[in-house]
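Atoms considered below: every heavy atom in the structure, side chains included; atoms not considered: hydrogens, waters and symmetry mates. Numbers here are sequence positions counted from 1.
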Amino acid sequence: MPKTAYTYVPSASRTNLEIGLDQGVWGWRSSALDRAGARQAVQSLSEGDFLVLGHKGPNSRVAPGGWADITLQHVVVAEVSRPYYTDGAPVWPDDDYPERIGINVLEEERNVQGDALGADAMEALRLSANKQGAAVLRSDIAAVVRLADALSLAADAPSDMTVEHDGADSAVAQVFVRREQAKLRKALLRGAAEMGCALCGRVLPSRLIRAAHIKRRSAATRSERLMMANIMPACLIGCDELFEHGYVYVTGDGTIAVNPKSGSTPDLAVAAKTLEGRLVADYGSHRAPFYGWHRTNIAN
């Protein structure tokens, strides 16, 4: 059963929060984890468990349950991507925070009311605020599920919309990734009923177009995941999968090339060959680094 760790981040640590989210890592001062059970809580986290970060709340020196109906200005839900490790390499400007975990940010929400997470989760965050941001562990993911249900998918997202092929192992994590995909689709389509695929050029109904990350979501930074330069319209009738698995890639001059591995079956070779030599849509310096990452890391 997955677990959830709750950590409160005070107002003064806003810069540290942004850095940690951008770099996919969270850390604690050793002094904060010296408190009873705090280090064991962090060390017990496994890949696929959750970390909920609460930022900018009111005074935490209140009676138990006093945070049940307050508002947190920023709530982050992340999945643990690397279990507990120690590292003194500089990440944050004010301290080392050497006891760390790797995180994959799934969702960020502003002005979250207590009932969206539930009283138990809010109490865990209040306790963390009183323990210098030490992680407070809960042996379930009830609050994460509750928040996912509260947010749900965007109203205009297709019910059968696909999600990223990687970076979302659990069903709950996929809910957040689907919601992110809905936001990206909305920004990409801008209400259009149809759109051309960046690879094959076919104009198709929008429900057959995916807002595909060029640099895989699991490898992208928090900011890269939401950059429209890293998003291309890819059709769901072949191009999305051909690109995703590296059977085709985009060269430095913006043309589509075929990877020799596409010859593993005759029909796959034919499908990839139809794209060879085409100029990918909207290629330019803003997209080149992302296509370069795909060429180096997926197509090779």
Side-chain angles (χ1 to χ4, degrees), residues 4-29 32 42 45 49-62 66-81 91-95 97 100-138 141-154 172-173 175-184 187 217 220-227:
T4 308
Y6 297 88
T7 295
Y8 180 74
V9 183
S11 299
S13 296
R14 177 181 176 180
T15 298
N16 284 356
L17 176 62
E18 294 296 321
I19 292 172
L21 298 183
D22 282 339
Q23 298 201 23
V25 60
W26 194 251
W28 290 267
R29 288 188 176 101
V42 175
L45 294 173
D49 286 339
F50 292 92
L51 174 70
V52 174
L53 298 167
H55 179 52
K56 295 190 73 173
N59 179 19
S60 61
R61 299 293 180 179
V62 294
W67 267 26
D69 58 358
I70 61 97
T71 298
L72 292 169
Q73 292 190 26
H74 191 181
V75 169
V76 178
V77 178
E79 196 173 31
V80 176
S81 59
V91 174
W92 297 276
D94 62 330
D95 209 336
Y97 303 96
R100 304 174 181 178
I101 58 172
I103 58 173
N104 170 28
V105 177
L106 297 172
E107 182 66 44
E108 295 185 60
E109 285 297 318
R110 306 286 175 172
N111 299 317
V112 176
Q113 296 184 337
D115 59 0
L117 284 171
D120 187 56
M122 294 303 294
E123 178 61 11
L125 287 168
R126 187 192 72 82
L127 291 172
S128 174
N130 291 333
K131 297 179 179 180
Q132 298 179 321
V136 175
L137 193 66
R138 293 290 184 262
I141 60 171
V144 177
V145 173
R146 183 186 181 108
L147 183 61
D149 288 342
L151 296 174
S152 69
L153 285 171
V172 176
V175 170
F176 291 115
V177 176
R178 284 170 65 93
R179 189 167 186 268
E180 178 186 280
Q181 172 70 190
K183 293 177 182 178
L184 292 172
R217 185 187 186 280
T221 66
R222 168 193 177 217
S223 58
E224 287 174 337
R225 291 171 186 170
L226 301 179
M227 292 173 62

Rounded at 0.5 Å granularity, tell me how far [atom1] in [X] sits from [atom2] in [Y].
X: L17; Y: D22; atom1: CG; atom2: CG; value: 9.5 Å
X: F50; Y: L45; atom1: CZ; atom2: CG; value: 11.5 Å
X: R138; Y: T4; atom1: CZ; atom2: OG1; value: 10.0 Å
X: W92; Y: I19; atom1: CH2; atom2: CD1; value: 8.5 Å
X: R126; Y: R61; atom1: CZ; atom2: CZ; value: 9.0 Å
X: Y6; Y: L51; atom1: OH; atom2: CG; value: 10.0 Å

Closest contact, heavy atoms only, [X] versus [Y]:
X: N59; Y: W67; value: O-NE1, 3.2 Å
X: S81; Y: I103; value: OG-N, 3.2 Å
X: L72; Y: G54; value: CD1-CA, 4.2 Å
X: W28; Y: T7; value: CZ2-OG1, 3.6 Å
X: L147; Y: V75; value: CD2-CG1, 4.5 Å
X: A148; Y: F176; value: CB-CZ, 3.7 Å

Can a donor-acceptor pair be found, under 3.5 Å and without considering hydrogens, that links the side chain of [X] to the backbone of [Y]?
X: T71; Y: N111; result: no
X: R146; Y: D115; result: yes
X: Y8; Y: G57; result: yes
X: N130; Y: S60; result: yes

Indicate yes or no: at least one non-hydrogen side-chain atom of N104 is less than 4.5 angstrom from one of R225.
-> yes
Step-by-step side-chain contact (heavy atoms from CB on, under 4.5 Å) determination, V177 to L106 = CA-CA 6 Å; V177 176; L106 297 172; 4.2 Å; yes
Before giving the answer on side-chain contact (heavy atoms from CB on, under 4.5 Å), spell out for N16 and V9 the whole-Å C-alpha distance, their side-chain angles and the decisive distance to 0.1 Å.
-> CA-CA 9 Å; N16 284 356; V9 183; 5.9 Å; no
Under the side chain to side chain donor-acceptor pair (under 3.5 Å) test, which residues partner D95, sequence neighbours left out?
->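 Checked D95 against side chain to side chain donor-acceptor pair (under 3.5 Å); matches are R29.
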Trace of the side-chain contact (heavy atoms from CB on, under 4.5 Å) decision for V76 with W26 | CA-CA 12 Å; V76 178; W26 194 251; over 6 Å; no
Go through the steps to decide whether H74 and K56 satisfy the test side-chain contact (heavy atoms from CB on, under 4.5 Å), and finish with yes or no.
-> CA-CA 7 Å; H74 191 181; K56 295 190 73 173; 5.9 Å; no
Basic-acidic side-chain contact under 4.0 Å: E107, K183 = yes
Report the residues that fulfil side-chain contact (heavy atoms from CB on, under 4.5 Å) with D69, sequence neighbours left out, ordered by chain and then residue number.
->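 Partners of D69 by the side-chain contact (heavy atoms from CB on, under 4.5 Å) criterion come out as none, since no residue qualifies.
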